[in-house]
Amino acid sequence: MNVEQKQYDEMVKQVSPKSAVFMNSIKAFFVGGIICAIGQVLYNFFEARGFSQENTGILVASVLITVAILLTALGLYERIGKFAGAGSVVPITGFANAIAAPAIEHKKEGLVLGVGAKMFVIAGPVIVYGTVTSVIVGIIYYFVR
Amino acid sequence: MTKHFGEASVKFSNPPSIISAAAIVGPKEGEGPLAAHFDKISDDILFGKDTWEQAESELMRQTIEACVAKSGVQMKDINYIFAGDLLNQNSGSIYGARSFERPFYGLFGACSAMGMAMQLGTMLIDGGFADYTIANASSHFCGAEKTFRFPLELGTQRTPTASWTVTGDGAVLLSSVGEGPYITAATTGAIIDLGQKDVNNMGAAMVPAAADVIVKHFRDLQLAPDHYDIIATGDLGIYGKDLLIQLLQKENLNISDRLTDCGIEIYDAEKQDVHAGGSGCGCSAVVFASYFLKKIKKGEINKMLFVPTGALHSVVTFQQGESIPGIAHAVAIERSI
Amino acid sequence: MDGLFNGIFWAFVIGGAICIIGQLLIDLTKLTPARILVFFVVAGCILGGLGLYDRLVDFAGAGATVPLPGFGNLLARGVKKAVDERGLIGVITGGFTAMAGGVTVAVIFGYLAALVSSPGMKE
């Protein structure tokens, strides 16, 4: 071929359309914002019923996660995600979707190596890196507190 | 090597005929502009089966059966089946062909599989090793997503350059005797890699291979740019086609007035929301085995160059940071000789 | 009542803004969803460790706790609390304890979802 890789990269860039970053961001903002606003409504609801701050946090997360997984099972979360992009990936509901989606997709490979193992293909790294970071934070905190 | 020409091309001394063909697709393809040309459109994406993998195999089995049934040839007379797909270890083709009990070659060339299968099937016949061979390629949207991307239920966005894997299977039955359309020549592609790494832009990864094989085909066989009425690449998509025209211009080969892409033909890109177009082994296979073959038989096309294109990466090599190698195989089909 | 409405409004604005950061990462860097999730949890945990994220939580409420950096912050908060109570042992128990509720709910319902729902193209 009469073309160098760099030159070809440039041609590919020229021809390929960019993602609609602005519109995507607006959609992500609204959907993500609405999910968080719903979270706030739930906070207010549980707080008004006398739950401690810590338990309220767990309850809100649990409700959002449960609803997100229900929507995933009904095939609706993928539609929201197609519209919202990061708006439905970044909230905790996206984490729930990332657990339920591969579990459903791989159920035909069995309950142990299909559902059990594949459940964590996307969420696993989150737990791993969250844990590692928390340990580092904990060690530093132990010495500087 | 009396039948070998130039760097990578062959011409057949007794060009085999395509005596039968069949194309079966899934629901989305059935809503596309080529719906009228398919042998069967399944409303059921699972093809009555339990898993995506079984669905693809069933699709493959039905298509080959339909192809053979239309020909009047018996399954027991088929000397070789060449088939390729996208699932790991070619399982789509293997489980699909299991019940036929015919000599079988499973091929992996990603979405170039149909080109590979047609070349090999033709070479065996012209070499005198077979009278009847079947070339087949299949893909299934859900199986491919599961193998290469994310679970279907995961809420993600596709980028504008992403393509949509065709659920479909195209089969052709090649014969040493027949009245055409004939496969007259072929150019086998090399693995070409210009360092593309975006799995959501596979058109760009495959274009250099397509350009390379097309240039070699015209050079090896000393053909004029207007030799073919139509040149159809496999699944480069809308942006890939533009890139290919640019690359060929650099090689002083201008075929843009007769160039199309099966990935562009199979869907209505705007209405069906497929972004860059269709892709997958089944894409070029079904479009050729239905739409183009009918046009050739009707005389709307006399000479066609069919160039299925493949992106040869795996999930593992992608995760290891490797670029995406491309390949393309050119097959010349002529209405009469 | 004004206070409640204000809280919901700022949860919407800040939560949405965090999602914009995620969208820019997806569109401009081509990071996969798994990497985005990891990035946010790690970032939240570090900001939480520095004691900065709780200021955002005070201001935006669910707008800061519902997005994944909030999950990271939860881990940081948990590990700090555990270290306060148990010393170095807390380093290895704090993070997991803090995420136990959320992860358990996700695993249980994810498992149930897999039992009742089949993979499909639901378009």
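Protein chains get the first letters and strands the later ones, always in sequence-line order, with residue 1 at the start of each.
- Chain C forms the most heavy-atom pairs under 4.5 Å with one residue out of A:G138, A:S62, A:G33, and that residue is A:G33.
- In this structure, the portions of A:I34 lying under 4.5 Å from any heavy atom of chain C include both its backbone and its side chain.
- C:E85 CD: more than 12 foreign heavy atoms inside a 6.0 Å radius.
- Between C:K81 and A:E54 there is a salt bridge, since a side-chain N of the basic residue sits under 4.0 Å from a carboxylate O of the acidic one.
- Taking both residues in full, the closest heavy atoms of A:M119 and C:Y111 are given as CE-N, 3.5 Å, listed atom of the first, atom of the second, then distance.
- Taking CZ of C:F12 as the reference point, atom CZ of A:F30 lies at 4.5 Å (rounded to 0.5 Å).
- Applying the side chain to side chain donor-acceptor pair (under 3.5 Å) rule to A:N44 yields the partners A:Q40; only residues at least two apart in sequence or on another chain are considered.
- Note that the CG atom of A:N24 and the CG atom of C:L28 stand 10.0 Å from one another [nearest 0.5 Å].
- Across A:P91, A:G32, A:G39, the residue that shares the most heavy-atom pairs under 4.5 angstrom with chain C is A:P91.
- In terms of non-hydrogen atom pairs under 4.5 Å with chain C, the most contact-rich of A:S25, A:A61, A:G87 is A:S25.
- Between the NZ atom in A:K27 and the SG atom in C:C19 there is a gap of 14.5 Å [rounded to 0.5 Å].
- Residue A:I127 touches chain C through both its backbone and its side chain, counting heavy-atom pairs closer than 4.5 Å.
- Within the 4.5 angstrom heavy-atom criterion, atoms from both the backbone and the side chain of A:I139 approach chain C.
- In plain terms, the two heavy atoms of C:A113 and A:I69 that are nearest each other are CB-CG2, 3.7 Å.
- Between C:I14 and A:C36 the shortest side-chain heavy-atom distance does not fall below 4.5 Å.
- Side chain of C:Q23 to main chain of A:A86: a donor-acceptor pair is present (N/O by atom type, distance under 3.5 Å, no hydrogens or angles).
- Under the 4.5 Å side-chain criterion, counting only non-hydrogen atoms from C-beta, C:V79 is not in contact with A:V135.
- Heavy atoms closer than 4.5 Å to chain C are found in the side chain of A:V115, but not in its backbone.
- Considering only heavy-atom pairs separated by less than 4.5 Å from chain A, the leading option among C:F109, C:F71, C:F40 is C:F109.
- When the shell of 6.0 Å around CZ of A:F120 is examined, it contains more than 12 heavy atoms from other residues, nucleotides or ligands.
- Here C:G7 is the residue among C:G7, C:G94, C:P69 with the most heavy-atom pairs under 4.5 Å with chain A.
- Rounded to the nearest 0.5 angstrom, A:Y43 OH and C:L4 CG are separated by 14.5 Å.
- Interatomic distance, C:I89 CD1 to A:Y142 OH, rounded to the nearest 0.5 Å: 10.0 Å.
- Most heavy-atom pairs under 4.5 Å with chain C: of the set A:S134, A:G57, A:A98, this distinction falls to A:S134.
- Contacts with chain C were tallied for A:V60, A:T93, A:L111, A:V128; A:L111 has the most, counting heavy-atom pairs under 4.5 Å.
- Interface summary for chain A: among C:I108, C:L115, C:D84, C:T104, the most heavy-atom pairs under 4.5 angstrom belong to C:D84.
- Chain A forms the most heavy-atom pairs under 4.5 Å with one residue out of C:I26, C:V41, C:V103, C:L37, and that residue is C:L37.
- Neither the backbone nor the side chain of C:A100 comes within contact range of chain A, judged by heavy atoms closer than 4.5 Å.
- Taking CG of A:L74 as the start and OG of C:S117 as the end, the distance is 7.5 Å to the nearest 0.5 Å.
- There is no contact between A:K18 and chain C, counting heavy-atom distances below 4.5 Å.
- The two atoms that bring A:G130 and C:C45 nearest to each other are O-SG, 4.4 Å, heavy atoms only.
- No part of A:A123 comes within reach of chain C, as not one of its non-hydrogen atoms sits under 4.5 angstrom from that chain.
- For chain A, the option among C:V83, C:V116, C:L50, C:L75 with the highest count of heavy-atom pairs below 4.5 Å is C:V83.
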